[in-house]
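Per chain, numbering begins at 1; letters A, B, ... match sequence-line order. Keep in mind it's a predicted model, so treat the numbers as computed, not measured.
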Amino acid sequence: MTASLSNDAIARLLERHGRLLVVAGESAFRARAFERAAESVRLYPEPLARLAERGELTSIPGVGEGIAYAISQILATGAFPAHEELTRRIPESVVELTAIPGVGAKTALKLYSTLGIDSLDALESALEAGEIARTMALSARMAETVRAGLAAIRRRTGRTPLGAARPVAEAFLAAFSRARPQDRIALAGSARRWEVTIGDLDFVIASDDIDDTVAALAEIPMLEGQARSGAGEVTGQLPGGIRADITITSPAAWGSALARATGSAAHLERLGGIPDGLASEEAVYVTFGLPWIPPELRAGGQEFARWREIPELVTIDAINGEFHAHTTWSDGGASIVDMARAAASRGYTLLGITDHSQSLGVAGGLNSERLAAQRLEIDAADMTAGVKLLAGAEVEVHRDGTLDYDDETLAALDVVVASLHTGLRQPREELMARLERVLRNPHVDIIAHPSGRLIERREGGDFDWDRAFAIAAETGTALEINADPARLDLDPTLAERASAAGCLITVNCDAHSTSGFAVMEYGVAMARKAWLKPEQILNCWPRERILEWLAARGRSSS
DNA sequence: GCCGTTTTCGGCCCGACTGTTTTCAGTCG
């Protein structure tokens, strides 16, 4: 039994197998089964080795007889037969190719079987040599798609999205606190500053006995490959392959150590060196004649000129409702009533129910008949738990800028959120013409996730933002900061520009379940990085004022 | 491969868009 194999390591292997099954052209359902099982295993609280000993692997959701056998093989040998057989046919690295937009499983397999291309590097070489275009199996057009896709991937930072890193950080904080309740631990670095992507995770621990703390760290299973790099420095690897840098300090020097480890480099440089031996961050800032600066604002710029405004910035308590949420009517996991109750428990007084429109078939989009039926249920549930429900929709924007419902249907809705989910690779002219048409559509109240980016996975559209913001300010259309950690869109820099241009901002979770509202902390952090105040954010307004705003836009909500 | 008040087989992941096409395969959301 390989006791050292972590749940994360097992999950990674199952996930790689799932992805390889897709490329191999196996059943998409079988591939998904492996990916689902991997997700389930990664989050499983108990080491799988112990479950395997008890013969309880199939108690994990998504793990049946087949995958339980694979896991037992992985635990015993570090691999499993089906995976070894598959990798003999197709190298694992071929999966890399499918990261290129426009290259799916079939094309990746074709590239491998006809040209032996088994990685992005090999693909780039073949492209340089002109092999792609010369090969009869692949057209010149394909070569161009590949070239553009490779360039987009090379532009990626290779950093970890915040939404992947923070849950890992929180799990580690909890695990350490259980092991060493007498020590104090905090997250530091870019994750504490709510940067959209992070390079590694930094932690600071205050301890009266550094050696004891180091020994306790060695006992935490989720921190692998630990090394002591200095008297009070420990490094290691956390789930997802994220590097952890841990600084251990005395309680008396906690403030100095935390401020240093939090950064940013530009912020520290502007401060001009953190004094040693201060017990709190407040004490650190006092020496510079400053109040405590919240981590998300430590960018090395405006915080030194605008610190007096900090108490006025938006906080999570100022959020009074949301305009973008899904239910089981389309691709959500909770009913209208359950979503309303979850909203109420967050102190909201208003919630827009905005399921997908008809052309987004994969998400179970509603045609106008089902939309009308849904309104009956929304109206019946209105004021459930004291929350005003708006019968809205997240409406697809077609490639020509027209919307997915006719004017009559749109006019009957309480709120219309418009989204571009497809055709984001259109050239700037087309994309802008399309966006302008949406912004000038009198039925549209809010533009959801305006750029369409998926962090580290897909770049946003090539919009002319200054022009877009000017039009949005003119039409009064609100622009969303989507709090989903996979999106964080608008980005804080764009949100700040939009607000400066006079645009109204709204921060929404795009919740697909009752737990989906938890990501609001990300959205608020982004809004704070953009130096936004509640007045500038539509869903911080009192309910009556929001309803007046909607009414003034021709909305019928009562 | 997993799952189940739809329960041991058959559904799960549908439909639009694009161009690798010219009657349909591949990709994407």
Can you check whether [X] reaches [Y] side chain to side chain, under 4.5 Å on heavy atoms?
{"X": "A:L490", "Y": "A:H449", "result": "no"}
{"X": "A:I71", "Y": "A:I10", "result": "yes"}
{"X": "A:I481", "Y": "A:D489", "result": "no"}
{"X": "A:T197", "Y": "A:E456", "result": "yes"}

Span that lies between the [atom1] atom of [M] and that of [N], in whole angstrom:
{"N": "B:dC9", "M": "B:dG19", "atom1": "C1'", "result": "39 Å"}
{"N": "B:dC17", "M": "B:dT8", "atom1": "C1'", "result": "39 Å"}
{"N": "B:dT27", "M": "B:dT20", "atom1": "P", "result": "12 Å"}
{"N": "B:dT6", "M": "B:dC2", "atom1": "P", "result": "22 Å"}
{"N": "B:dG10", "M": "B:dG15", "atom1": "C1'", "result": "22 Å"}
{"N": "B:dT18", "M": "B:dC12", "atom1": "P", "result": "28 Å"}
{"N": "B:dA16", "M": "B:dG11", "atom1": "C1'", "result": "23 Å"}

[X] [atom1] to [N] [atom2]: how many Å, rounded?
{"X": "A:Q426", "N": "B:dG19", "atom1": "CD", "atom2": "P", "result": "11 Å"}
{"X": "A:D510", "N": "B:dG29", "atom1": "CG", "atom2": "C1'", "result": "13 Å"}
{"X": "A:H421", "N": "B:dG15", "atom1": "NE2", "atom2": "C1'", "result": "15 Å"}
{"X": "A:H356", "N": "B:dG15", "atom1": "NE2", "atom2": "P", "result": "16 Å"}
{"X": "A:E65", "N": "B:dC2", "atom1": "CD", "atom2": "P", "result": "8 Å"}
{"X": "A:R36", "N": "B:dG11", "atom1": "CZ", "atom2": "P", "result": "16 Å"}

**OP:** Can you sort out which residues in residues 19-35 of chain A have a heavy atom within less than 4.0 Å of DNA chain B? Ascending by number, please.
**Re:** A:A28, A:F29, A:R30, A:R32, A:A33, A:F34
Original post:
Is there a residue in residues 86-100 of chain A whose heavy atoms reach under 4.0 Å of DNA chain B, and which residues are they?
Top reply: A:I100
**OP:** Just do the salt bridge (charged side-chain N to carboxylate O under 4.0 Å, His left out) check on A:E92 and A:R16 with the steps written out, would you?
**Re:** CA-CA 7 Å; A:E92 270 190 21; A:R16 293 207 305 272; 2.6 Å; yes
**OP:** Using both distances under 3.5 Å as the test, list the Watson-Crick or G-U wobble partner of B:dC17, or none.
**Re:** B:dG26
**OP:** Would you check if the side chain of A:S113 reaches a backbone N or O of A:L109 as a donor-acceptor pair within less than 3.5 Å?
**Re:** yes
Original post:
Starting at the 5' end of DNA chain B and moving along, which residue's nearest nucleotide shows up first, A:E396 or A:R399?
Top reply: A:R399
**OP:** With rounding to the nearest 0.5 Å, note down the distance linking OG1 in A:T160 to CD in A:E195.
**Re:** 13.5 Å
Subject >> Lys/Arg-Asp/Glu bridge criterion (N-O < 4.0 Å) met for A:R12, A:E39 >> reply: no
Subject >> Sugar-phosphate only, base, or nothing, as touched by A:R457 at under 4.0 Å among non-hydrogen atoms >> reply: nothing
Original post:
Under 30°, 30 to 60°, or over 60°: which ring-plane class applies to A:H356 and A:H512, parallel, tilted or perpendicular?
Top reply: tilted
Original post:
Is the phosphate of B:dT20, meaning OP1 or OP2, less than 4.0 Å from a side-chain N or O of A:T107?
Top reply: no
